[in-house]
Amino acid sequence: MNFRFGVNLWKLEDRASWMEKSRRAEDLGYHVITVPDHIDMPSPLLACVLAAEATSSVQVGTFVSNTSFYNPALFARDVVTTAQLTGGRLEVGLGAGWKKREFDQVGITFEAAGKRVDRLVATLDEVTRAWSAPLPGAAAPDRPPVMIGGNGDRVLRLAARSADIVSFAGTRFDPQGRGMQFLTGHQMQDRVALVDAELSEAGRDAVRRNIIVLRTQVTNDRPAALEDYSRFLKGTLRPEQVGELPAVLIGSPEQIAEQLIARQERFGFDYITVQESALDTFSRVITLLS
């Protein structure tokens, strides 16, 4: 099975609590601590540096950096510096950005998807180039693994050809950046098939496949929890459909472990990232699959 587990942390109260939480994630068996890139959350690379300082071996990373927010060359400089300050434990997550409201907040034009993906490509190129020209007086560590996340054809093709990790969003976004919908298993199969074809054409196979889980609920009453979440989704999906969503995990630790094994067999997902709210409860699943 060879699963890899990550947790997306974003609640930053103060230095001490962030360090303690990072240590707890490492002790609970997570392999990666990631930080999302949203305007109302901590600065991702800075938070990664402190998480690495508090821990000894867990990797740290961004999930995922909104490349439309940054000058590619300056972002690449910050990535090199962060890799140095974390002792080479950085994982670089890149995405094109999708939430229009955040662009409006910072005064950056929310361009068409193609333009945002162009910026993603330019940023990836700069991050790659930066490793041939490290900062003066300091030896750059090995280039960190790069994860590219998204759902669109062009982003997934780029990830299949250029990234070390392909992250499947599990959702699809309104082209105008106003919201999202869960992907069904059938829709996810289509995304996976696109990546499979691109990997085959490129002659690549050693690529991790990540899924970001948006809802994790560890419970001994799975039917009731599925009913509750179906109601939360305003009845757009029946409970049995909720239970099949690739980006949702609901059930006992044993049931969730079975779900992950089944989804690894179907989709190839071997790197699972959960949200901070599941930090402690999901560790019971990690124990079963480690």
Apply side-chain contact (heavy atoms from CB on, under 4.5 Å) to Glu102 and Phe110, showing your working.
CA-CA 9 Å; Glu102 293 190 337; Phe110 185 74; over 6 Å; no

If hydrophobic clusters are built by linking Ile, Leu, Val, Met, Phe, Trp and Tyr wherever their side-chain heavy atoms come under 4.5 Å apart, do Leu12 and Val49 end up in the same one?
no

Do Val121 and Val127 land in one hydrophobic cluster if side-chain heavy atoms of ILVMFWY residues count as linked below 4.5 Å?
yes

Side-chain heavy atoms under 4.5 angstrom apart, residues restricted to Ile, Leu, Val, Met, Phe, Trp, Tyr: same cluster for Trp10 and Leu46?
no

Measure across Arg119 and Ser68 and return the closest heavy-atom pair with its distance rounded to 0.1 Å.
CG-CA, 3.8 Å

Is a side-chain N or O of Thr219 found less than 3.5 angstrom from the main chain of Asp221, in a donor-acceptor match?
yes

How close do Tyr30 and Val58 get, counting heavy atoms only, and between which atoms?
O-CG2, 3.6 Å

Under 3.5 Å, is there a donor on one side chain and an acceptor on the other for Thr62 and Asp37?
no

Any side-chain heavy-atom pair of Val195 and Val166 under 4.5 Å:
yes

The reported gap from OG in Ser22 to CD1 in Ile33 (rounded to nearest 0.5 angstrom) is 4.0 Å

Taking atom types as modelled, is there a side-chain donor on Thr128 or Asp125 under 3.5 Å from an acceptor on the other?
no

With a 4.0 Å cut-off, would you call Asp196 and Arg209 a salt bridge?
yes

Nearest heavy-atom approach of Pro72 to Ala122 is CB-O, 4.0 Å

If you take all heavy atoms of Leu156 and Asn151, which pair is closest and at what distance?
CD1-O, 3.4 Å

Stepwise side-chain contact (heavy atoms from CB on, under 4.5 Å) check, Leu249 with Leu260
CA-CA 8 Å; Leu249 293 172; Leu260 290 176; 3.8 Å; yes

Using atom types as modelled and distance alone, determine if a side-chain donor or acceptor of Glu91 lies under 3.5 Å from a backbone N or O of Pro144.
no

Do Ile212 and Tyr229 land in one hydrophobic cluster if side-chain heavy atoms of ILVMFWY residues count as linked below 4.5 Å?
yes

Side-chain heavy atoms of Val64 within contact of Met147, under 4.5 Å
yes

Assess, by modelled atom type and distance only, whether the side chains of Gln217 and Arg215 contain a donor and an acceptor separated by less than 3.5 Å.
yes

Would you compute the distance between atom OG of Ser65 and atom OH of Tyr70 and round it to the nearest 0.5 angstrom?
5.5 Å

Any donor-acceptor pair under 3.5 Å linking the side chain of Trp18 with the backbone of Ala47?
yes

Ring-face cation of Arg263 near Phe269 (centre distance under 6.0 Å, axis angle within 45°):
no

Exam field: side chain Glu53 to backbone Leu50, donor-acceptor pair closer than 3.5 Å:
no

For the side chain of Ser200 and the backbone of Ala197, is there at least one donor-acceptor N/O pair under 3.5 Å apart?
no

Euclidean distance, Asp118 CG relative to Thr123 OG1, rounded to 0.5 Å
10.5 Å

Evaluate side-chain contact (heavy atoms from CB on, under 4.5 Å) for Met41 paired with Val35, printing each intermediate quantity in order.
CA-CA 9 Å; Met41 295 181 184; Val35 185; over 6 Å; no

Output yes when a side-chain donor or acceptor of Arg172 lies under 3.5 Å from a complementary backbone atom of Gln187, and no otherwise.
no

Asp104 with Arg101: basic N within carboxylate O range, under 4.0 Å
no

Would you indicate whether the side-chain heavy atoms of Phe63 and Asn210 approach each other to under 4.5 Å?
yes

Would you say Val60 and Val32 make side-chain contact, with heavy atoms under 4.5 Å?
no

For the residue pair Ile165 and Val207, establish whether any side-chain heavy-atom pair is separated by less than 4.5 Å.
no

Can you check whether Phe182 reaches Val242 side chain to side chain, under 4.5 Å on heavy atoms?
no

Phe282 and side chain to side chain contact (heavy atoms under 4.5 Å, CB included): which partner among Ile256, Val7, Thr287?
Ile256

To the nearest 0.5 Å, what is the distance between OG1 (Thr82) and CG (Leu45)?
4.0 Å

May I ask you to decide whether Arg157 forms a salt bridge with Glu198, counting only side-chain N to carboxylate O separations under 4.0 Å?
yes

Under 3.5 Å, side chain of Arg208 to main-chain N/O of Asp270, donor-acceptor pair present?
yes

Heavy-atom pair of closest approach, residues Val218 and Arg284
CG1-NH1, 3.7 Å

Criterion salt bridge (Lys or Arg N to Asp or Glu O under 4.0 Å) on Asp228 and Arg231, from CA distance to verdict
CA-CA 5 Å; Asp228 287 345; Arg231 284 194 292 271; 2.3 Å; yes

Polar contact flag, side-chain donor to acceptor under 3.5 angstrom, Gln189-Arg266:
yes

So Leu9 and Thr34, side-chain contact (heavy atoms from CB on, under 4.5 Å) or not? Walk me through it.
CA-CA 6 Å; Leu9 301 182; Thr34 51; over 6 Å; no

Could you tell me if Glu244 and Thr184 have a donor-acceptor pair between their side chains, going purely by distance under 3.5 Å?
no

So how far is it from Arg4 CZ to Ile286 CD1, rounded to the nearest 0.5 Å?
12.5 Å

Hydrophobic cluster membership, with links at side-chain heavy-atom distances under 4.5 Å among I/L/V/M/F/W/Y: are Leu124 and Trp131 in one?
yes

Over all atoms of both residues, closest heavy-atom pair of Ala159 and Ile148
CB-CB, 3.7 Å

Under 4.0 Å between a side-chain nitrogen and a carboxylate oxygen: does that hold for Glu26 and Arg23?
no

Would Arg143 and Asp164 pass as an ion pair if we require N to O under 4.0 Å?
yes

Please confirm whether the ring centroid of Tyr271 lies under 6.0 Å from the ring centroid of Phe5.
no

Evaluate ring-ring contact (aromatic ring centres under 6.0 Å, His included) for Phe103 paired with Phe69, printing each intermediate quantity in order.
CA-CA 8 Å; Phe103 285 75; Phe69 282 170; 5.1 Å; yes

Please check: side-chain N/O of Arg154 versus main-chain N/O of Gly114, any donor-acceptor pairing under 3.5 Å?
yes

Flag the pair Arg77 and Glu126 as a salt bridge only when some basic side-chain nitrogen lies within less than 4.0 angstrom of an acidic carboxylate oxygen.
no

Backbone of Leu237 reached by a side-chain donor or acceptor of Ser230 within 3.5 Å:
yes

Side-chain heavy atoms of Leu90 within contact of Val79, under 4.5 Å
yes

Treating Gln275 as the side-chain partner and Thr216 as the backbone partner, does any N or O pair qualify as donor plus acceptor under 3.5 Å?
no

So do Lys21 and Leu279 actually touch side chain to side chain, heavy atoms under 4.5 Å?
yes

Taking the six-membered ring of Phe267 (Phe, Tyr or Trp), confirm whether the NZ or CZ of Arg191 is under 6.0 Å from its centre and within 45° of its axis.
no

Find the distance between CD (Glu227) and CD1 (Ile250) and round it off to the nearest 0.5 Å.
11.0 Å

Under 3.5 Å side-chain donor-acceptor pair for Gln59 and Arg89:
no

